[in-house]
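Worksheet for the structure shown next.
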There are 2 protein chains.
Amino acid sequence: MGKGEETRQTILDSAVALASQVGISGLSVGSLAEKTGMSKSGLFAHFGSKEEMQLAVVRATQELFLETVMRPALREKRGLPRLRAIVANWLVWARRSRLPGGCPLAAAAHEFDGQPGPVRDEVSHALGLWRRALADAIGKCVEAGDLRPDTPVEQVAFEINGLVLACLQDSQLFQDPESEQRAMTAFDRLMSHHAPNPAKE
Amino acid sequence: MGKGEETRQTILDSAVALASQVGISGLSVGSLAEKTGMSKSGLFAHFGSKEEMQLAVVRATQELFLETVMRPALREKRGLPRLRAIVANWLVWARRSRLPGGCPLAAAAHEFDGQPGPVRDEVSHALGLWRRALADAIGKCVEAGDLRPDTPVEQVAFEINGLVLACLQDSQLFQDPESEQRAMTAFDRLMSHHAPNPAKE
DNA sequence: GAATTTATAGAACGTTCGTTCTTTTTTGTC
DNA sequence: GACAAAAAAGAACGAACGTTCTATAAATTC
């Protein structure tokens, strides 16, 4: 493989950052060409169509997300410490990855939820995978004895997703610096509610 | 005022529904003119610029939201019953208002959070007002004795917003019919956690 | 019902869109 | 370094974009 793949990755890096600000449907071949210093046609040749370009951006965002959120958390001890690291990384991943407009996948979920098509399917698939990974991490907490055996894993995954979404909205829209701590407070309360030892309340 | 205001409202009704599917930045004068059966210029004259049109759509969505979510809940008894009605209405408001693509305001929050300007400000303002209204409703629960006096009102508002966002994402993106019940389960657990009588757990 | 204001339509503008060509430059191979 | 392959640029396309004009139709006023 030659240098084509390399520039393609360069393009996608810029594309993910730009999509963070203007959304994935807001991406245009022209604006992206200008940002990367390439010609419209030269850039276009890497994808073949705008839709393929959008799909590539979704997949690139997904990879960046896993690299930023999941992989560092794997160094934590399996169970609650790892889950807590996942949530903590998740809350700040857009900032850490220099995505000034927030998570492009979360935005895309809203953008495309009313527009059937391949992009919507890819976004839905990516978020579905992530939700399953999150539920798995919660299940590991149960196995490790950090959570009670009757913990409703899917329900907890749902609620964690919710408090992350709330944090992202507040930090992006209101620039509320407290939102991360709010989310972690809610997370800890949720965990202690399902904790096995009677350290409730 | 003549019939101009009337057709303007007709346009906005269509615009809100269309924005639900394609987003507020996805609205174009041409597509909206086609949907309403008007000419591009005839429609355009009602707003003067695209940005003014977008602002009008944000405000129209806000009014529709309050009418659908808040006003019916005012018939419930002040305190927890009313708060519960607000949340229940909120969870289904897009469906009830025939907005197939979900809440345009929630989508706009993501669309514009990376793009400063009047539209972003209006969205931020609208959601800020709503958050305050939500916090007030929670405060009324404290006053009514349905929640403990030390209830962290802002924190609870944050968490309720989160579980609604989670529900909207799941129902829109995964078409999960259980998401509403998941959200209500989380809501009830949250309420019982801050309940005054020791009916905890 | 004529006059006047208001609302809508129609045509056209410059720009940007996604896309398709052809041509030039760069890259990798012998 | 010549040669083939791959990558990028350049020019151009029809369509849609937001917007501005001018002209027609409708509603309101007298």
Side-chain angles (χ1 to χ4, degrees), chain A residues 1-16 18-19 21-60 104 108 111-112 114-120 122, chain B residues 1-16 18-19 21-60 104 108 111-112 114-120 122:
Chain A
M1 269 294 141
K3 123 174 227 274
E5 203 61 33
E6 182 184 331
T7 51
R8 187 188 145 103
Q9 193 56 49
T10 303
I11 294 170
L12 283 177
D13 288 345
S14 291
V16 171
L18 186 54
Q21 300 183 262
V22 302
I24 288 185
S25 4
L27 283 179
S28 77
V29 182
S31 62
L32 195 49
E34 190 182 12
K35 176 162 180 166
T36 56
M38 293 182 65
S39 70
K40 247 187 2 166
S41 55
L43 187 146
F44 186 84
H46 281 270
F47 304 101
S49 76
K50 184 185 183 182
E51 190 170 83
E52 279 298 329
M53 184 179 98
Q54 292 177 322
L55 289 170
V57 172
V58 172
R59 297 189 194 106
E111 279 183 77
F112 290 93
Q115 317 189 71
V119 181
R120 192 209 119 109
E122 189 72 26
Chain B
M1 270 293 140
K3 124 174 226 276
E5 204 60 34
E6 182 185 329
T7 52
R8 188 188 145 104
Q9 193 56 50
T10 303
I11 293 170
L12 283 176
D13 288 346
S14 290
V16 171
L18 187 54
Q21 300 184 263
V22 302
I24 287 184
S25 5
L27 283 178
S28 77
V29 182
S31 61
L32 195 48
E34 190 182 13
K35 176 161 181 168
T36 55
M38 291 183 65
S39 70
K40 245 183 9 162
S41 55
L43 187 145
F44 186 84
H46 281 270
F47 304 102
S49 76
K50 184 186 182 181
E51 189 169 83
E52 279 299 328
M53 184 179 99
Q54 293 177 322
L55 288 170
V57 172
V58 172
R59 297 190 193 105
E111 279 182 77
F112 290 93
Q115 318 189 71
V119 181
R120 192 210 119 109
E122 189 73 27

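So you know, we letter chains A, B, ... as the sequences are listed, proteins then strands, and number each from 1.
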(request) Can you check each nucleotide of nucleotides 14-19 of chain D against protein heavy atoms at under 4.0 Å and return B for base, S for sugar-phosphate only, - for none, in 5' to 3' order? (result) ---BBB

(message) Output the rounded distance in Å from CE (A:Met38) to P (C:dT26).
(response) 13 Å

(message) My understanding is that only residues two or more places apart in sequence, or in another chain, count here; which of them pass side-chain contact (heavy atoms from CB on, under 4.5 Å) with B:Arg8?
(response) B:Glu5, B:Leu12, B:His46, B:Phe47, B:Ala56

(message) Just the rounded figure in Å: distance from P of C:dT19 to CG of A:Leu32.
(response) 14 Å

(request) Starting from P on D:dT20, measure out to CZ on B:Phe47 and report it in whole angstrom. (result) 15 Å

(request) Could you tell me which residues satisfy side-chain contact (heavy atoms from CB on, under 4.5 Å) with A:Ser39, sequence neighbours excluded, listed by chain and number? (result) A:Ser41

(request) Only counting residues at least two apart or in another chain, list the ones meeting side chain to side chain donor-acceptor pair (under 3.5 Å) with B:Ser28. (result) B:Ser31

(message) Holding to side chain to side chain donor-acceptor pair (under 3.5 Å), I want the full list of residues that pass it with B:Gln9, two or more places apart in sequence or in another chain.
(response) B:Asp13

(request) Using the side-chain hydrogen bond (donor to acceptor under 3.5 Å, both in side chains) rule, collect all pairs that involve residues 47-58 of chain A, keeping only residues at least two apart or in two chains. (result) none

(request) Could you tell me which residues satisfy side chain to side chain donor-acceptor pair (under 3.5 Å) with A:Ser25, sequence neighbours excluded, listed by chain and number? (result) A:Glu111

(request) Within residues 7-15 of chain A, find the residues that approach DNA chain D with a heavy atom at under 4.0 Å, and present them sorted by residue number. (result) A:Thr7

(request) Measure from NE2 on B:His46 to C1' on C:dT6 and round the result to the nearest Å. (result) 10 Å

(request) Could I get the full list of side-chain contact (heavy atoms from CB on, under 4.5 Å) partners for A:Glu34, not counting sequence neighbours? (result) none

(message) With heavy-atom distances below 4.5 Å as the criterion, would you say the side chains of A:Ile11 and A:Leu32 are in contact?
(response) yes

